[in-house]
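Structure first, commentary second.
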There are 2 protein chains.
Amino acid sequence: MNFQQLRIVRETVRQNFNLTEVGNALFTSQSGVSKHIKDLEDELGVELFVRKGKRLLGLTDPGKELLEIVERMLLDAKNIKQLAEQFANRDQGMLTVATTHTQARYALPRVVAGFKHEFPKVHLALHQSSPHELVHLLKTGEADIGIATEALDDEPELVCFPYYEWHHAVVVTQNHPLLEQSALTLESLADYPIITYHEGFTGRAKLDQAFAAAGLVPDIVLTALDADVIKTYVELGLGVGILASMAFDPRKDDGLVLLDTQHLFPQNVTRIAVRRGHYLRAFAYRFMELCSSQLKESVIRNSLNSRSRTDDLD
Amino acid sequence: MNFQQLRIVRETVRQNFNLTEVGNALFTSQSGVSKHIKDLEDELGVELFVRKGKRLLGLTDPGKELLEIVERMLLDAKNIKQLAEQFANRDQGMLTVATTHTQARYALPRVVAGFKHEFPKVHLALHQSSPHELVHLLKTGEADIGIATEALDDEPELVCFPYYEWHHAVVVTQNHPLLEQSALTLESLADYPIITYHEGFTGRAKLDQAFAAAGLVPDIVLTALDADVIKTYVELGLGVGILASMAFDPRKDDGLVLLDTQHLFPQNVTRIAVRRGHYLRAFAYRFMELCSSQLKESVIRNSLNSRSRTDDLD
DNA sequence: GATGCTTACGATACCCGTAAAGATA
DNA sequence: TATCTTTACGGGTATCGTAAGCATC
């Protein structure tokens, strides 16, 4: 048994049991891949893959159990390398943060600036993606840290921490009839066409939830992935915008007016997530502490070790 | 990085940093060992061992962190082999149970007989040892299951389950003055020389505890590792014996009399322990279930996965 | 017929063990 | 001096990639 065999087993599953692709993905020959699998199966005395003739179709029962262990071992192998990196060059290396448009554009610039200043030699890669893709990036180890409002909890492989809280707000054009109202209500909002985030993005679920609870069916005419698109179409008069309040800049968005709606929609919590068992460099912990001063390295390490999933602070 | 290097790192620590011994332990040359260590350090770019000239003295900080991961990886490597074994020969293989004299002699015969009957092809090895040695056997993977009354809890690497409860009892020769008393007390016991277990064995701590709480200093004239020795010297008139009640057989021990002392000493709990992260064969789970019908495979697996240490049932 | 897996085979790189030299106690 | 580690070197083995042969779709 060697590491190449383990890598091949893992990659075979990832590449849908196409050994040619496995060879490509691991920069080796397909014949070698085939032989390695055979050798491993011979050594263990168990068939790991379900075959139909020569084609591989899936994992056998022992294969499935083995895969779990293999994943952990390869993660550990990677951890060893990270660990060495960490000690070889304490303030040098690579940090990949996967996040959504909203966080990248409005919440993180401050953090990134501070981090860059503190660790000029660290190559910081910001990876913008959807919340679901983000979870995948964390799981595969392509990203070290994930930051989003959606999809992060309910993932047993991840540990997440609250980063900050925020509310949705409404933006309208100047002279919009809603500006006349003294207190904005869900009912009056529902009278107008609405422009907001796509499902699964930036707290959209909380919006739907609020309308549904009030027995209202809003007329959502455009769903966007980011606030810039929303604002653009609100300015065009297509409808009323609902977006994260921090996405509104009174200086730059001078054609629009922000209406406070803290009383209408539930609070949102943006979270920071890391993969359980993934070794983090010291500067990665520092990045999270820059996000929220409560997130000390010791606090995070603790939560990583206890396998519980109730990781909220306070 | 390969497995041989990892094995060498682990073995180097185990052999107190003597590379010659490492070579012997791993059945390879010492020069190879030396080179492997150097190669690994070069690859990782970090010194793993503290050196004084050419001699290795200990682990560096990165070495310590690395060792933790290495231990886990090698355990996983072993787990993979066990897993394969399990599927290749479901009812065939090897099970090593480490336990103390008391359990081996009085509690386990019933279980072992049942197990042998159910799994005739499994090679069951009973490994008699002291509670502390037993913990070591579990940690190094030399034993799959450990059974003892002492030393098993307070080991974060182990998960333990209650097996059965028992009490100490007093044995005396026929016609002993204590037989005249209506209700036995600690005070009257302390009037006689006492023969009981060695410290760290078979609930001895509970005995000391009970005497200390009563402000008594018992005159312990002989400490033994097992009940047979205790009974022998009680018969010789050396003193009063205190032993586990199940170690008394009225049929065979006809020169002695058992006095019930449930009210004098705290209850003891004998526990079954397994190492966290150690893959167990299906028949190993079955062995534990034979010990206590509450210990279903699913129950044990659950406790192994949650890292909490409060593993008592109900 | 196109894609995908296995087997065969030669080149290469890696690993091991012996032996000699150097360091440490 | 005895023990221990490193380095050098030769032999053996395992791994890799090309290419050819088959099976599957």
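In what follows, chains carry the letters A, B, and so on, assigned in the order in which the sequence lines appear, proteins first and then strands, with residues in each chain numbered from 1. Please read all numbers here as calculations on a predicted model, not as lab measurements.
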Parallel, tilted or perpendicular for B:Phe119 and B:Phe115, by the 30°/60° rule? tilted
Whole-Å gap separating P (C:dG4) and CG (A:Asn16): 12 Å
Any side-chain N or O of A:Gln30 below 4.0 angstrom from OP1/OP2 of D:dC16? no
Would you please confirm or rule out a distance under 4.0 Å between OP1 or OP2 of C:dC5 and any side-chain N or O of A:Ser34? no
Do the side chain of B:Arg55 and the base of D:dT5 come within less than 3.5 angstrom through a donor-acceptor pair of N or O atoms? no
Separation of D:dT5 P from B:Lys35 NZ (nearest whole Å): 17 Å
Ignoring backbone atoms, establish whether B:Asn18 has a side-chain N or O less than 4.0 Å from OP1 or OP2 of D:dT5. yes
Nearest-angstrom distance from the residue atom CZ of B:Phe3 to P of D:dT15: 13 Å
From CG of B:Asn2 across to P of C:dA13 the rounded distance in Å is 18 Å
Side chain of B:Ser29 - closest among D:dT5, C:dG17, D:dG21: C:dG17
Determine whether the aromatic ring centres of A:Phe3 and B:Phe3 lie less than 6.0 Å apart. yes
Protein-nucleotide distance (B:Leu57, atom CG; C:dA23, atom C1'), rounded to Å: 13 Å
Below 4.5 Å, heavy atoms only, C-beta onward: do A:Arg301 and A:Tyr285 meet side chain to side chain? yes
Centroid separation under 6.0 Å, is that true for the rings of B:Phe283 and B:Phe287? no
Nearest whole Å is fine: how far is D:dT3 C1' from B:Leu56 CG? 14 Å
Can a donor-acceptor pair be found between the side chains of B:Asn79 and B:His278 at a distance below 3.5 Å? no
In whole angstrom, what separates B:Phe49's CZ from D:dT6's C1'? 15 Å
Is A:Gly32 touching bases, backbone alone, or none of the nucleic acid, heavy atoms closer than 4.0 Å? nothing
To the nearest Å, how far apart are B:His36 NE2 and D:dT7 C1'? 16 Å
So, is B:Ser31 close to the C:dC16 phosphate, meaning a side-chain N or O under 4.0 Å from OP1 or OP2? no
Does A:Arg51 put a side-chain nitrogen or oxygen below 4.0 Å from OP1 or OP2 of D:dA23? no
On DNA chain D, does the nearest nucleotide to A:Gln5 precede the nearest nucleotide to A:Lys52 from the 5' side, or the other way round? Give the residue. A:Gln5
Would you say a side-chain N or O of A:Thr28 is under 4.0 Å from OP1 or OP2 of D:dG17? yes
